[in-house]
Every structure is written in structure tokens, then in C-alpha cells.
J.: 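Submitted below is the structure of interest, expressed as C-alpha cells.
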Amino acid sequence: MLQGLMMDVPLLISSLIEHADRHHGDAEIVSRRVEGDLHRSTYRQLHRRARQMANALAALEVNRSDRVATLAWNGYRHMELYFAVSGSGAVLHTINPRLHPEQIAWIVNHAEDRLLFFDLTFLPIIEAIAPHCRGVRRFIAMVDRERMPAQSKVDLLCYEDLVDTHSDQYSWPVLDERLASSLCYTSGTTGNPKGVLYSHRSTLLHAYASVAPDALNLSSRDTVLPVVPMFHVNAWGLPYSSTMAGAKLVMPGPNLDGKSLYELFEAERVTVSAGVPTVWQGLLAHTEANGLKFSSMNRTVIGGSACPPAMTRLFEDKYGVQVLHAWGMTEMSPLGTVCSFKAKHERLGNAEKRALQNKQGRVIFGVDMRVVGEDGGDLPWDGKAYGSLLVRGPWVLREYFKGEGGDPLQPDQAGRGWFPTGDVVTIDADGYMLITDRTKDVIKSGGEWISSIEIENIAVAHPAVAMAACIAVRHPKWDERPLLVVMRKPGAEVSREQLLAFYEGKVAKWQVPDDVMFVESIPLGATGKMLKNRLREQFKDYRLPGT
Ligand code: AMP
């Protein structure tokens, strides 16, 4: 066997910040802080403070592979920890503060976190969980010394003290690239959350793939504002991919309302952003109400749940902002597909382009996918046959942390393992994937499947509808039928009959919901997705008209 003769340089997270410091040292990291002000830093300063923090971690006896947790918004200190913790060989465990405190304590204990860094917003959570998290040696408030809480039930360290009192002389260790670098727990809507443990290698490969033109198309000419939180699958990898590209970063901190975001987009001349549809609803409500336009933003990545076509049309046709509909999962670091056009699509008319953008897109190089039927056999890529989506690739989970849930992979005939995503999809001849549902959300009516996402997309295109969820309810003859749960826009009026009439000509008759229920609000999970299991519970005693 003839081995290649190229250098075996490990793919390490520390190399990202070293590169950004050397080649994009003056590119800015602008952060809205919990202190209220706008903080300005650079990759050079970020690297220096990350080295100081790495020395502080060593002084706090953080060893290789120890877990260090964060409960924090998007900001420069959180970025520093991304590099200080993983770069020094420990594992950064980003926790979603929107989870219930009991669940947070459970996760901290399961992960065996040694330190917990937090933004002051989350002090009440820290005080509630500290007595139950015996393994955590220190709690560190990510705040200036002057703003440290005068009193707290928990003994706290101050982040800035740790940085100030440690030297910036630190050499990042040369680690095995397969070493664990960070840990995220799945949202755990059913059962306990499970840990997804990324490696340096998977993170770097995911970043390389993310910056590519047909993916997020990131460059040093971009100003990136990740609305998606750094506690939701590492802000979809943007802290790494933006650093790799040397892009300016704008971090919104706790202010995620439409007005605050819009002002930051404009003031910092943001070119690209990323977030879940519910966030963009708030932003677009603000721009629509005030007749505003975006002067610098040219594209935005929308994923986490299906981007409603009405939102794509508004962004593209009214605001001139390109929508990159993307799909991924915590188990996939998260990026799997992005809906960017091929050369032949550029010639299409607007309506056809928008129709294509309803799809979640094609895989980025590195991810392989299959769609299989109930017997496990491959289905054709014809845009019609739907089945379960399986994936594999170097940034796709092999098993959960501590082996929870057993072996999750499904072997193919060659014995290679595939990760079942739990999504029901079609794939067309060009490789564009469309999610019709989560397996557990699909509505099975008389042997046929109704896509809840398609029904919801039509509802939110109605001008009076703010949000809509379509859930299955029992039916004596058809097994299940669709019930549409609707939250109206403030002050807007629409009746059940008007909404049902709105479906005419848009879907087959048997796919039209049987009934509409109006609600004050639709429950959202910790990552901004509609909690359909909560709605199913809420409407479990509901009976369809005539049954
Ligand atoms: P999470 O791991 O919490 O990010 O959830 C991953 C799941 O979110 C996927 O398996 C999909 O069901 C859903 N999801 C992510 N992106 C999209 C999208 N663009 N359209 C529809 N569903 C999505």
C-alpha cells in the first residue's frame, strides 16, 4: 500500500482563532451585552482573552475532556469560551436556558459539568439549580466586576477577574482531532434529553462545508448576525464558520425582538443572518408596521422548522433578501441541506423559484442521504415518493453521549450505519429534499398521509394568521383527521369558514382540515419550534364535528 505523503495536521478548533487573529485580526466582534451597552472587540482581542481564559481554566483545575457548561446569550465572552474551553482540550457544554430548571439540573449532572459560566439574566436559574448540581465546582458570572451581584445564594466567581488575573501566554495544545470538543443536548420533547458529543474534526469539517458558496457562502466581506442562539447546536456552527472566514460578527445578546434586531442589522451593516421562522416573524412584523427596508442584509438562513412560503416571498420579493432555506439537526452539527439554486434554476420565473425554495434543499458535500419506505428499501428520487430520511457523514452522530438510547444507527446492505432523522421527506431528481413532516406529526387519514407542514404553510399565508399548527385528531372512520389550531394576528379577524375556504384549490379536498380552533397562543419549545405534543394533549378530548 502506498501512503500519501502529505502532512498529518490535526483539525483543531484552536486553529480557527489562530487563523482569524493572524489574518483577520482587526475584524470586529460586536456584542449587545446584558449590561445593556454595545461592546466592540476584534478577533485579535478575542484570541488574547481566550488564551487568558485558557490559563484561568487550568488554574481552576479543568482537565482534558472535563465538561465546562455555559448558560449564555450570543456574545463575545461566550465566543471566548468556545475557543478557550475546546481549544484547551476540555468540552464546551452549551445549555439551553429556556429549558425547565429541573431539566437543566438533570443535564448538568448527566454531563458531569465541572464549571458553569452564565449570563446574569440566568442568575435565578443558577440559584435554583446550584444545590442540585453537586459536581459543579464553581459558578462564574459572565459580567464586569462592578456589576457582580451584591448578594447571591451561590458563591460566584467573576469572569472579568478570571481574565484579568491570568497571563495571555498560552500555547494551544496539539490534540487528537477526534477528541470531544463540545456537547449539546437534544431538546428531549419526549423522554430525557440525549447528549450529542462533537469532535474537533467534525466541527472543522462542518465549518469547511458551511462556508462553501452553495451552503452559507461566508467570506471575510460578510457581517454575520447569528440570531440562532449559541446554545442551539452551536448557533448552527456560525461561531466556527464565521471565524474560519474572518467575517465580522454581530451578537444580539438577549435582545431578540424585531425592533432591536432591525436596529442592529442597520447600525452594523449586517449582510447575512440566521434563525428559526418564529424570530423572522417578529422582525418582519416590525419592518412591515414601520415601512422599513434592509439596507445591507442580502441573505438569511432560515431553518429549525419549515420556512413558510409566505415568509420567503416577503423576504425575497419585497425586501430583496435572499432566503436560504436550510435543514439540519442537533445530531448533524447541524447542517444537512441548504436550498440554493443550480445554474438551470436561475432562468426560472419568480413563482417557480419560490416553489423550489419551499424545499429544504440539497445536501452539502459530506452529507449523504437516502429516503426509504416502511420495508427499509430505497424509494425513487422523483419528488413524489415519501418515506423516512436517513443520513450519514463525518459530522453526523454515531451514538449518543454515554450510549443513551442504545445503537441509533440503521445498517444498510453493506453494513454501513445510517442515522434515522425522524423526518418524512421526498427527494426530487435534482436531489432537492422536501420535509413533509416529522414522523410523529404526520396525519394518517384513511391510509393516506397528510403533510401537517403543507397545511400550516397555507394557513400562515392568510393575512390574518400569525401562527398555525396542524395536528391529528382521532376519527372513527379515517383513523386521523387534521385539526388546524390558529393564532390570529393582533386585531385581525378571520372565521373558521373563511379559513377553510382559503384551502380551496390549494390542496386535495380530503386534505383540508376538518375544523379550526382559535387560540391565544401556540406553545413554543426551547428552540422556537411549535410544541405539537403539547397541543395534542390540549385537544385530546376534542371531538370533530359530526363524530
Ligand atoms: P433540532 O435537533 O432540535 O434542531 O431539531 C431537528 C429537527 O428540526 C429536524 O429533524 C426537523 O424535523 C426539524 N427541522 C429543522 N430544519 C427544518 C426545516 N428547514 N424545515 C422543516 N423542519 C426542520
Side-chain angles (χ1 to χ4, degrees), residues 94-96 98-99 103 107 183-191 193-198 206 215-216 226-238 274-280 300-309 311-312 315 323-340 356-364 367 369 371 386 388-391 395-397 400 405 408 418-427 432-442 451-457 460 469-470 524-533:
T94 48
I95 305 175
N96 189 333
R98 295 180 186 137
L99 295 171
Q103 209 168 22
I107 290 175
L183 176 65
C184 284
Y185 279 73
T186 58
S187 27
T189 38
T190 49
K194 295 200 274 293
V196 181
L197 195 57
Y198 311 103
H206 179 261
L216 309 187
V227 181
V228 52
M230 290 167 78
F231 53 74
H232 183 197
V233 217
N234 300 319
W236 300 350
L238 284 167
V276 295
T278 37
V279 160
W280 302 128
T300 186
V301 186
I302 304 185
S305 45
C307 176
M311 184 175 282
T312 308
F315 261 127
V323 169
L324 290 171
H325 195 187
W327 164 85
M329 308 181 73
T330 308
E331 287 89 338
M332 297 181 69
S333 306
L335 222 50
T337 64
V338 179
C339 194
S340 50
L356 185 59
Q357 283 173 296
N358 294 340
K359 301 194 174 189
Q360 279 73 7
R362 38 196 179 95
V363 290
I364 52 176
V367 176
M369 65 180 176
V371 53
Y386 54 81
S388 304
L389 178 68
L390 309 180
V391 290
W395 54 84
V396 178
L397 167 132
Y400 290 99
W418 291 77
F419 180 76
T421 62
D423 288 320
V424 180
V425 306
T426 63
I427 306 178
Y432 285 75
M433 180 270 282
L434 172 76
I435 299 198
T436 58
D437 249 314
R438 291 291 291 163
T439 316
K440 56 187 189 307
D441 293 338
V442 81
S451 157
S452 67
I453 294 181
E454 191 179 359
I455 303 301
E456 288 155 9
N457 280 344
V460 292
C470 182
L524 296 180
T527 53
K529 296 178 211 228
M530 295 189 291
L531 287 179
K532 290 202 195 170
N533 51 350

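Start at 1 and go down the list; that is how both ligands and their atoms are numbered. Remember, predicted model here, so these are calculated numbers, not experimental data.
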J.: Got the closest protein heavy atom to atom 2 (O) of ligand 1, with its distance?
T.: Thr330 OG1, 2.6 Å
J.: Quick one: look up the protein heavy atom nearest atom 21 (C) of ligand 1 and list residue, atom name and how far away it is.
T.: Ala306 N, 3.2 Å
J.: Kindly indicate whether the side chain of Leu397, heavy atoms from C-beta on, has any atom under 4.5 Å from the side chain of Met332.
T.: no
J.: Please report which non-hydrogen protein atom sits nearest to atom 5 (O) of ligand 1, along with the residue it belongs to and the distance in Å to one decimal place.
T.: Lys529 NZ, 2.8 Å
J.: Testing Gln357, Arg362, Lys359 for side-chain hydrogen bond (donor to acceptor under 3.5 Å, both in side chains) with Tyr432, which one passes?
T.: Arg362
J.: Please list the nearest protein heavy atom to atom 19 (N) of ligand 1 with its residue and the distance rounded to 0.1 Å.
T.: Ala326 O, 2.7 Å
J.: Around atom 16 (N) of ligand 1, find the nearest protein heavy atom and jot down its residue, atom name and distance.
T.: Gly304 N, 3.0 Å
J.: Tell me every residue that passes side-chain hydrogen bond (donor to acceptor under 3.5 Å, both in side chains) with Trp395, counting only those two or more places apart in sequence or in another chain.
T.: none
J.: At the 4.0 Å heavy-atom cut-off, does Met332 count as touching ligand 1?
T.: no
J.: For atom 9 (C) of ligand 1, what's the nearest protein heavy atom and its distance?
T.: Asp423 OD2, 3.4 Å
J.: Please state whether Ser305 comes within less than 4.0 angstrom of ligand 1, counting heavy atoms only.
T.: yes
J.: In the structure I gave you, are the side-chain heavy atoms of Val196 and Thr186 within less than 4.5 Å of one another anywhere?
T.: yes
